[in-house]
Structures are given as C-alpha cells and as structure tokens.
Trainee: 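This is the structure I want to talk about, given as structure tokens.
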Amino acid sequence: MSLPAPFRVTEDEHGVPALDWHFDEDVLNAEAAADGWYALLTSLSAEEADPGQVLVHYKGQGAVERRYHDFTETYGG
C-alpha cells in the first residue's frame, strides 16, 4: 500500500516504523492566496447588478432563509 506524496513510512535503526510527512509550501501559499475568495452565481445580468450589488444581495440571503424556516416550522403543542 502506498501513501500520498507528503507521507512516507520510515524505520529507525531498530526497525521501528515511523510516519514521516512534510508540508508543501507551494501548495500552502497557493491556498492562502485564495483565502476569502468565493464565487457567486447569479441569474442577474451585468446591467441589472454589479458585483457589489450581487454580494449585498447574497449577504441578505441568510435572513431570508431564517424567516422561511420560522414560517414553515411546525410548533408542537
């Protein structure tokens, strides 16, 4: 059985196995560069809303979903 690239099984001088691994700095840096970025898909055209307006609309979606949940929630009694 082989392990993914950053992992390796080694043995010390007594034959005791040990798991060895490393962090790929290039991969970590690439991931860090994209932190905080996410894509929003909308049916609005560029004339209907600019990226800032799409974001504002998206940020308000949580309140809509909470209200819908409250509206559709059944109360036991």
Trainee: Give every residue pair that meets the side chain to side chain donor-acceptor pair (under 3.5 Å) criterion with at least one member in residues 39-58, sequence neighbours excluded.
Mentor: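 For residues 39-58: S45-E47, S45-E48.
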
Trainee: Got a sec, which residues hit side-chain contact (heavy atoms from CB on, under 4.5 Å) with A34, two or more places apart in sequence or on another chain?
Mentor: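 Scan of A34 (side-chain contact (heavy atoms from CB on, under 4.5 Å), adjacent residues dropped) gives none.
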
Trainee: Applying side chain to side chain donor-acceptor pair (under 3.5 Å), which residue pairs with at least one partner in residues 12-22 are found, sequence neighbours left out?
Mentor: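 Passing the test, one end in residues 12-22: R8-D20.
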
Trainee: If hydrophobic clusters are built by linking Ile, Leu, Val, Met, Phe, Trp and Tyr wherever their side-chain heavy atoms come under 4.5 Å apart, do F23 and F7 end up in the same one?
Mentor: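 Hydrophobic grouping puts F23 with F7.
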
Trainee: Determine all donor-acceptor pairs shorter than 3.5 Å in which one atom belongs to a side chain in residues 24-31; sequence neighbours excluded.
Mentor:
unit_1: D24; atom_1: OD1; unit_2: D26; atom_2: N; d: 3.1
unit_1: D24; atom_1: OD1; unit_2: V27; atom_2: N; d: 3.4
unit_1: N29; atom_1: ND2; unit_2: E25; atom_2: O; d: 3.1

